[in-house]
Amino acid sequence: MEEIQSQSDHYRSSSSSASSPASRVPSSNFFYLRKPGAFRQPISFEDSPDWEDTDIEVKVDEGGADSINTAPVSPSLSKINSDSLPSPPLPESANVARKTAGASIAWKDLTVTIKGKRKYSDKVVKSSNGYAFPATMTVIMGPAKSGKSTLLRALAGRLPDSARTYGEIFVNGVKSRLPYGAYGFVERESTLIGSLTVREYLYYSALLQLPGFLYKKRSAVEDAIHAMSLGDYANKLIGGHCYMKGLRSGERRRVTIARELVMRPHILFIDEPLYHLDSVSALLMMVTLKKLASTGCTLIFTIYQSSTEVFGLFDRICLLSNGNTLFFGETLACLQHFSNAGFPCPIMQSPSDHFLRAINTDFDRIIAMCKNWQDDHGELSSVNMDTAVAIRTLEATYKSSTDAAAVETMISKLTDKEGSFLRSKGRASCAIKIAILSWRSLLIMSREWKYYWLRLVIYMFLALCIGTVFSGLGHSLSSVGTRVGAIFLFVSFTSLLSIAGVPAQLKDIKIFICEEANQHSGTLVFLAGQLLSSIPFLVLLSISSSLVFYFLVGLRDDFSLLMYFVLNFFMCLLVNDGLVLLVASICRNTLRSIIILVNIHMVMMLAAGLFRIRSALPRALWMYPASYVAFHTYSIQGLLENEYSGTSFAVGQVRSLSGYQALQNVYDVSVDSNSKWKNLVILFLMAIGYRLVVFVLLQFRVRKALFSRCVSCCSKSTNNPR
C-alpha cells in the first residue's frame with residue numbers, strides 16, 4: 001500500500017503542478033470552458049455539482065422491476081443527457097417514435113472463464129456487478145483484452161460452449177436467460193446485402209424474424225427506419241458489391257442496428273457501435289442511440305474510446321481492465337472516482353482518453369520509448385506513472401467506495417421482487433423462411449451483374465467459340481473423335497468457368513453466419529433457399545449455352561435428344577455449383593478457394609477419360625477414386641450415349657459399325673440403352689451429396705468458427721481511436 005500511495009501522490013502532484021487554483025474553471029456542466037494556458041489543468045470538482053444530489057431514485061412497486069424509475073435529480077446530468085446536444089427538428093410529417101417496453105437487467109458476482117484465453121488466468125471477467133435500466137445507455141469501456149465483449153456476450157447469453165459462467169443474471173428481477181425476441185445483439189462486424197435498398201433489406205429481415213401479417217412487418221420496418229434516422233436513405237442501395245456506390249460506414253452501421261430493432265427488443269446489446277466511424281459519424285450514432293433509449297429500450301454496449309461530446313451522452317459506465325471492474329456508476333461519478341484515487345482528468349483531455357491512459361498497460365512501453373524526449377520536454381511529465389499501480393489503486397479505491405456499496409444496494413432492490421417474465425416471441429416457419437430466402441436471392445441475382453449476368457455472357461461466348469471451332473464436322477465415322485473432343489471441351493471449360501461464382505458463394509455464407517447467429521435463419525433453410533434460387537439462373541445458363549453449342553457443332557437433329565443435352569448440362573452445372581459451395585465453406589477465402597477449385601478441376605479433367613480411356617487409367621488414384629468422383633465422367637458419357645445411341649456407320653459396301661463400336665477406341669461408354677439416364681441420376685445424387693456435406697460443415701465447422709470469433713472478440717486489438 002505504501003507503493004500505491006507514493007505513486008498516487010506523485011501523479012497527483014505532477015498533475016496539480018500544471019495549474020493553480022486561480023486558473024481552474026468553475027462549471028456546473030460536463031463541457032468545461034477552456035481558457036488559454038489551461039492545457040494540462042486537472043478538472044476542479046470543488047465547483048462541480050453536489051454529488052450527493054445525483055443519486056437515482058429507485059422505486060420497486062408490486063408490478064416488479066418494470067416500474068423502476070430512473071430520473072437523475074442533478075440538473076447538470078439532465079442537461080448532459082438532453083440539452084447539451086440539441087437534435088435537428090423533425091419534419092412535420094415525421095412520426096412520433098414508438099415507445100418500447102424496456103427491461104431491467106442486473107448481474108451479480110459474474111465471472112466468465114475461458115480455457116486458454118488469458119496467459120496467466122482463465123478468468124476473462126472477474127466478479128463483475130452492475131445493472132441497466134430501461135430508457136438508459138450503459139457503456140462497458142476498457143482497453144483491448146479487458147473483457148468488454150465477453151461481459152456483453154455473457155449478459156446476452158451468447159458465449160461459446162468453451163466458456164463457463166459463474167454468478168447470477170437477473171432480468172426484471174427474475175433469474176433467467178433472455179428468450180428469443182426479447183433482446184437484440186449487434187456484432188462488431190456485420191455483412192450487409194449491397195444490392196438491396198435499406199427498406200428492402202430490413203423488410204426481408206422482418207419477414208425472416210417475425211410471424212404474423214405483412215402490414216405488421218411493414219410497420220416494424222418503418223419504426224426501425226425512423227428510430228435509426230434512416231428515412232433519407234430508406235430507398236438507397238446499401239452498396240459495397242459489384243462496384244455499386246452506396247451508404248457510408250455510419251449509415252451502414254445504423255442499418256445493422258435497425259435490423260435488430262425490427263424485432264422490437266426490450267434490451268439491445270451492441271458490440272462497438274462506433275467501430276470504424278469518424279468523429280462526426282460517431283456523434284450522430286450516439287445521438288441516435290440516445291433517442292432510441294428515450295423510447296424505453298435498454299441499451300448496453302461496449303466502446304473503446306469516445307470524444308468528450310459522446311462521453312456526455314452515457315448514463316452509466318462500467319470500466320474494465322484485465323477483467324476487473326474498476327468502476328461502475330454514473331459517468332460523472334467516474335470522473336470524481338479517478339480524482340479521489342489521485343488521477344484527476346485534465347480539462348483539455350477527453351475523459352475516455354484519460355481513463356484508458358490510466359489503465360492501459362501499453363502506455364508503459366510508450367513512456368519507456370519516449371523517456372529521453374520527456375526529460376527535454378516537460379509536457380509529458382504528468383503521465384509518468386506505473387499503470388499496474390494505477391490499476392490497483394483504482395480497484396482498491398472502488399471496492400472501498402460508496403459507489404460499489406450503492407451498486408450492491410441497487411442490485412438487492414432489483415432482485416427483491418420478481419417482475420414480469422419476458423416471453424419468447426413467435427418465429428416465422430421454415431417453409432416461409434425458405435420462400436423468403438429464395439425470393440431475396442433471385443432479386444440479388446437480377447441486380448448483381450458482375451457475379452451473374454456477366455457470367456452468362458461469358459458462358460455464351462465460350463459456347464460460341466467452341467461451336468465455331470468445331471462447326472461443320474458432319475456425321476461420318478472420321479468425325480467421331482473430334483466430336484468427342486468438342487463435347488469434352490464444352491463440359492470441362494464451362495465447369496471451370498463456374499469458379500467465377502466463388503465470391504458470390506462466400507458472400508452468401510457470410511450472410512448466413514450473421515443471420516444464423518441471431519437465429520434469423522438456419523442451415524437447412526439456407527441450403528434449401530440457396531438451391532431453389534440458383535435453379536432459375538442455372539436453367540438459363542444451360543439453355544442458352546447448350547443451344548449455341550448444339551446447333552453450331554451440328555449434333556443430331558432431334559428435339560428429345562436436345563432436351564436431354566440441356567438437362568444433362570444443367571445437372572452438370574448443379575453439381576459444380578455444389579462443389580463450389582463446398583470448397584467455399586471449407587476455405588472461406590476467395591484466393592484459396594479458387595486455387596483449390598482449379599486443381600480439383602484439373603484432376604477431374606485428367607481422370608474423365610479423354611486423354612486416356614478410363615479402363616486404361618492407372619488403378620491407384622486415377623481410376624479409383626478420381627475417375628469415379630469426377631462428375632465430368634458421367635456428364636460426358638451421358639452426352640455421348642445420347643448422341644450415338646442407335647446410330648451406325650457404313651464401313652465399305654456391306655459392313656457397318658454401331659455408334660457404341662465407333663466410340664470404343666475413343667471413349668469408354670456403356671452398351672446399356674438406359675445408361676444415359678443412369679448417368680443423369682448419378683449427377684443428381686452427386687449434387688445432393690455435395691450439399692449434404694456442406695450441411696454438415698455449416699452445422700459444425702462454420703458454427704465453431706462463429707463461436708471462435710466470439711471468443712476472440714475481446715482478445716483482438718481494438719481499432720485505432722478516431
Check against side chain to side chain contact (heavy atoms under 4.5 Å, CB included), R447 and L196: CA-CA 9 Å; R447 294 180 179 177; L196 298 180; 4.0 Å; yes
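- Under the 4.0 Å criterion applied to side-chain N and carboxylate O atoms, K507 and E448 are assigned as salt-bridge partners.
- Side-chain contact between F649 and V480 is present, with at least one heavy-atom pair separated by less than 4.5 Å.
- Taking a cutoff of 4.0 Å between a charged side-chain nitrogen and a carboxylate oxygen, E187 and R158 qualify as a salt bridge.
- Heavy-atom minimum distance, V262 versus L210: O-CD1, 3.7 Å.
- Within a 6.0 Å sphere centred on NZ of K425, heavy atoms belonging to other residues, nucleotides or ligands number more than 12.
- Remark: side-chain polar atoms of R252 are paired, donor with acceptor, to backbone N or O of I238 under 3.5 angstrom.
- Counting heavy atoms from C-beta on, the side chains of V491 and S495 come closer than 4.5 Å.
- For the residue pair T633 and R614, no side-chain donor N or O sits within less than 3.5 Å of a side-chain acceptor on the partner.
- In summary, the side chains of S615 and D668 do not present any donor paired with an acceptor at a separation below 3.5 Å, with no hydrogens or angles considered.
- Annotation: side chain of K236 is not in contact with side chain of E251 (no heavy-atom distance under 4.5 Å).
- One finds the CE atom of M460 at 10.0 Å from the CG atom of L541 (value rounded to the nearest 0.5 Å).
- Side chain of W453 to main chain of S446: a donor-acceptor pair is present (N/O by atom type, distance under 3.5 Å, no hydrogens or angles).
- In terms of heavy-atom proximity, Y634 sits nearest to Y628 at OH-O, 2.8 Å.
- Within the 3.5 Å criterion, the main-chain N or O of L489 finds no donor-acceptor partner in the side chain of S492.
- Side-chain contact between L437 and L208 is present, with at least one heavy-atom pair separated by less than 4.5 Å.
- The local environment of CG in N599 is crowded, with over 12 non-hydrogen atoms from other residues, nucleotides or ligands closer than 6.0 Å.
- R199 meets the salt bridge (charged side-chain N to carboxylate O under 4.0 Å, His left out) test with E222; sequence neighbours excluded.
- Nearest heavy atom pair, residue H632 against residue A608, reads CB-CB, 3.8 Å.
- To the nearest 0.5 Å, atom CD of residue Q637 and atom CD1 of residue I682 are 8.0 Å apart.
- Residues L581 and L527 are in side-chain contact: their nearest non-hydrogen atoms beyond the backbone lie under 4.5 Å apart.
- For the atom pair CG of L552 and CG of L473, the computed distance is 11.0 Å after rounding to the nearest 0.5 Å.
- Not counting sequence neighbours, the partners of R691 by the salt bridge (charged side-chain N to carboxylate O under 4.0 Å, His left out) test are D577.
- Interatomic distance, CG of N568 versus CG of L639, reported as 4.0 Å (0.5 Å rounding).
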Pair H601-N576, side chain to side chain contact (heavy atoms under 4.5 Å, CB included): steps then yes or no: CA-CA 10 Å; H601 277 273; N576 201 27; 3.1 Å; yes
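- Remark: W439 CH2 is loosely packed, at most 12 non-hydrogen atoms of other residues, nucleotides or ligands lying under 6.0 Å away.
- Of all heavy-atom pairs spanning A486 and F470, the tightest one is CB-CG, 3.5 Å.
- Judged purely by atom type and a 3.5 angstrom limit, D558 uses its side chain to pair as donor or acceptor with the backbone of S560.
- Looking only at distances, a side-chain donor or acceptor of R253 sits under 3.5 Å from a matching main-chain atom of R188.
- F490 and F569 have their aromatic ring centers within a separation under 6.0 angstrom.
- A donor-acceptor pair is defined here as one N or O able to donate and one able to accept, closer than 3.5 Å; such a pair exists between the side chain of Y459 and the backbone of T494.
- For the pair S635/L683, a side-chain contact is recorded, criterion being any heavy-atom separation below 4.5 Å from C-beta on.
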Trace of the side chain to side chain contact (heavy atoms under 4.5 Å, CB included) decision for I432 with L207: CA-CA 8 Å; I432 292 178; L207 292 174; 5.9 Å; no
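- For S534 and Q530, the side-chain atoms include no donor-acceptor pair closer than 3.5 Å.
- No donor-acceptor pair closer than 3.5 Å links the side chain of Y180 to the backbone N or O of G426.
- Side-chain N/O atoms of Y201 and R259 include a donor and acceptor closer than 3.5 Å.
- Between the side chain of R254 and the main chain of M228, a donor-acceptor pair closer than 3.5 Å is present.
- Of all the heavy atoms in S542 and S546, the pair that sits closest is O-OG, 2.6 Å.
- In this structure, E641 does not pair ionically with K678, as no charged nitrogen and carboxylate oxygen lie closer than 4.0 Å.
- Within the 4.5 Å cutoff, no side-chain heavy atoms of L555 are placed close to those of L561.
- Put simply, CG on N679 and CG on N674 are 11.0 Å apart, with the number rounded to the nearest 0.5 Å.
- The list of ring pair (Phe, Tyr, Trp, His ring centres under 6.0 Å) pairs with a residue in residues 663-687, not counting sequence neighbours, reads Y564-W677.
- With R177 contributing its side chain and G157 its backbone, the two residues share a donor-acceptor pair below 3.5 Å.
- Closest approach of S675 to S670, counting heavy atoms only: OG-CB, 3.3 Å.
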Test log, rule side chain to side chain contact (heavy atoms under 4.5 Å, CB included), inputs Q505 and S585: CA-CA 9 Å; Q505 298 281 22; S585 301; over 6 Å; no
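- Side-chain contact between I434 and S438 is present, with heavy atoms from C-beta onward closer than 4.5 Å.
- Atom CG of residue L698 and atom CZ of residue F512 lie 5.0 Å apart, to the nearest 0.5 angstrom.
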